[in-house]
Amino acid sequence: MRVIKTITQLRKELDKARAQGQKIGFVPTMGYFHEGHLSLMRRAKKECDICVVSIYVNPKQFGPKEDLRTYPRDIKRDRAMIRKENVDILFIPSDNVVYPNRYLTYIDVEKISNTLCGKYRPGHFKGVATVVAKLLNMVAPDVMYLGQKDAQQVAVLSKMVADLDFPVNIRVVLTAREKDGLAMSSRNIFLTPQERAQAPVLYRALKYAVGRIQAGERSAPKIISTIRKIITQQSSGRIQYVACVDAGTLEPVGVLKHRVLIALAVFFNRTRLIDNVIVPIKSARKI
Ligand code: AMP
């Protein structure tokens with residue numbers, strides 16, 4: 001594995017690979033790896049010749065009151081964790097490399113950046129879209145791998161890639177979970193033992209909702225209130241939002257139809273956890 005810190009060096013390495021006809025897979029991350037990140041890398045390695053992983057904690061996607069300063073970082077640990085994953089290039093640019101002096105250009109994927117998490121994290125997806133556009137220009141991969149865990153990020157980046165004609169395919173990898181169902185996240189280390197014990201309630205509530213839908217429930221407000229009730233009754237989590245939206249457009253739905261994304265964000269003290277499921281809705285059988 002080569003560790004690269006500059007764009008020039010990165011392009012030099014990747015130009016060589018491209019000249020040999022090698023397919024490049026790219027996994028953008030903020031580091032502090034867990035099995036979710038590794039599953040993206042394994043998929044990239046399986047489907048491409050070269051796997052490039054970036055670690056960059058992007059200041060532009062954190063709000064002024066968010067956890068940029070305390071976001072977990074440990075490059076040594078990350079390097080050790082991926083030693084067995086056959087990653088070819090680990091790209092670790094510094095702030096100066098990504099945002100040189102007098103940086104002025106931003107990408108705003110309108111509308112879908114401002115619902116769900118975006119409603120509570122103004123500017124977050126503008127920061128995400130901007131940094132990923134830049135990383136795509138630096139790496140120029142054939143395929144970019146993203147996790148379903150961040151469903152809105154997938155929607156925003158897919159729209160950006162389509163709207164701006166980035167020549168890259170996006171593959172979405174299922175959410176990796178702990179044995180008790182908690183979605184893996186770099187932020188899980190901030191949970192106290194009691195909060196960690198309660199946190200699986202998020203996925204339990206989502207799964208219960210899926211069961212209700214499979215049993216015929218089609219009312220979004222009912223599904224939302226069921227989920228809220230389970231989380232409130234079974235944990236100390238403070239709900240930021242629970243929403244049922246169309247999985248493609250992220251528009252809220254009243255009656256569940258087509259493919260629905262049920263997404264939520266819940267605070268355990270200061271730790272904000274997100275999770276989601278996508279539910280294909282069977283239409284009523286015609287008699
Ligand atoms: P992050 O380092 O949190 O920015 O995540 C980097 C990539 O890993 C993003 O595409 C995330 O959606 C993905 N990811 C994070 N957690 C998980 C998970 N539990 N399962 C699958 N992918 C994940």
Side-chain angles (χ1 to χ4, degrees), residues 25-47 51-63 66-68 70-75 77-79 81-82 85 87 90-93 98 116-118 121 124-136 139 141 143-161 168-191 196 199-200 202-203 206-207 247 261 263-266 271-278:
F26 175 46
V27 181
T29 83
M30 298 204 297
Y32 211 77
F33 294 145
H34 50 66
E35 276 293 316
H37 296 112
L38 302 189
S39 68
L40 268 62
M41 296 173 203
R42 285 176 201 142
R43 177 91 177 266
K45 198 58 206 179
K46 204 167 135 197
E47 296 177 353
C51 171
V52 181
V53 175
S54 66
I55 298 179
Y56 181 60
V57 182
N58 173 32
K60 296 200 188 290
Q61 69 188 65
F62 287 79
E66 293 183 350
D67 56 351
L68 171 64
T70 53
Y71 194 84
R73 297 162 169 91
D74 191 340
I75 296 283
R77 169 187 176 276
D78 285 348
R79 282 177 68 159
M81 265 183 88
I82 60 172
E85 302 301 331
V87 168
L90 180 61
F91 180 48
I92 318 179
V98 181
L116 304 174
C117 293
R121 303 187 70 188
H124 170 69
F125 288 108
K126 189 172 161 189
V128 171
T130 300
V131 81
V132 173
K134 286 178 65 72
L135 289 167
L136 285 173
V139 178
V143 188
M144 173 165 67
Y145 292 84
L146 300 173
Q148 182 56 47
K149 154 103 186 322
D150 297 275
Q152 189 173 10
Q153 176 165 280
V154 170
V156 167
L157 295 178
S158 300
K159 193 75 183 96
M160 177 189 82
V161 159
V168 66
N169 289 309
I170 290 178
R171 298 260 190 286
V172 182
V173 178
L174 288 180
T175 302
R177 298 182 180 280
E178 303 289 354
K179 284 204 180 77
D180 57 13
L182 176 64
M184 291 186 180
S185 163
S186 306
R187 291 187 169 99
N188 289 351
I189 54 152
F190 294 128
L191 297 170
R196 174 63 190 83
L202 306 187
Y203 189 50
L206 288 169
K207 274 201 307 193
L261 169 70
L264 52 77
V266 174
T271 309
R272 183 177 178 275
L273 302 182
I274 57 170
D275 203 348
N276 68 78
V277 287
I278 289 183

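Counting starts at 1 for both ligands and their atoms, in listed order. Fair warning: this is a prediction, and the values are worked out from it, not measured in the lab. All heavy atoms count here, side chains included; hydrogens, waters and symmetry mates do not.
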How far is atom 20 (N) of ligand 1 from its nearest protein heavy atom, and which residue and atom is that?
Ala176 N, 2.8 Å
Would Arg177 count as a contact of ligand 1 if the rule is a heavy atom under 4.0 Å away?
no
May I ask you to check whether Thr29 has an N/O atom sitting below 3.5 Å from an N/O atom of ligand 1?
no
Would you check whether Ala183 has a nitrogen or oxygen atom less than 3.5 angstrom from a nitrogen or oxygen atom of ligand 1?
no
For Arg177, salt bridge (Lys or Arg N to Asp or Glu O under 4.0 Å) partners two or more places apart
Asp275
Could you list the atoms of ligand 1 found under 4.0 angstrom from a heavy atom of Leu174?
20 (N), 21 (C)
Please check this pair: side chain of Asp67 against backbone of Pro72, looking for a donor-acceptor N/O pair closer than 3.5 Å.
no
Contacting atoms of ligand 1, where contact means under 4.0 angstrom from a heavy atom of Thr175:
19 (N), 20 (N), 21 (C)
Just wondering, do Thr175 and Tyr203 contact through their side chains at under 4.5 Å, heavy atoms?
no
Here the atoms of ligand 1 under 4.0 Å from any heavy atom belonging to Gln153 are 9 (C), 10 (O)
Atoms of ligand 1 less than 4.0 Å from Asp150 heavy atoms?
11 (C), 12 (O), 15 (C)
Suppose the criterion is salt bridge (Lys or Arg N to Asp or Glu O under 4.0 Å): which pairs have a residue in residues 127-136, not counting sequence neighbours?
none
Is Met30 close to ligand 1, meaning an N/O of one under 3.5 Å from an N/O of the other?
yes
Taking the side chain as C-beta and beyond, is there a heavy-atom pair between Leu116 and Ile274 under 4.5 Å?
no
Part of His34 with heavy atoms under 4.0 Å of ligand 1, whether side chain, backbone, both or neither:
side chain
Please identify which of these residues, Gln148, Gln153, Gln152, meets the side chain to side chain contact (heavy atoms under 4.5 Å, CB included) condition with Asp150.
Gln153
For the residue pair Arg77 and Phe33, would you count it as a cation-pi contact if the rule is NZ or CZ under 6.0 angstrom from the ring centre and within 45 degrees of the ring axis?
no
What heavy-atom pair brings Val168 and Met144 nearest, and what distance separates the two atoms?
CG2-N, 3.7 Å
Polar proximity ligand 1 side, Gly147 side, N/O cut 3.5 Å exclusive
yes
Is Pro28 touching ligand 1 with its side chain, its backbone, both, or neither, if touching means heavy atoms under 4.0 Å apart?
backbone
Short list, please: which atoms of ligand 1 are under 4.0 Å from a heavy atom of His37?
1 (P), 2 (O), 3 (O), 5 (O), 6 (C), 8 (O)
Counting only heavy atoms, which portion of Glu35 has something under 4.0 Å from ligand 1: side chain, backbone, both, or neither?
neither
Contact between His124 and Val156 at the side-chain level, heavy atoms closer than 4.5 Å - yes or no?
no
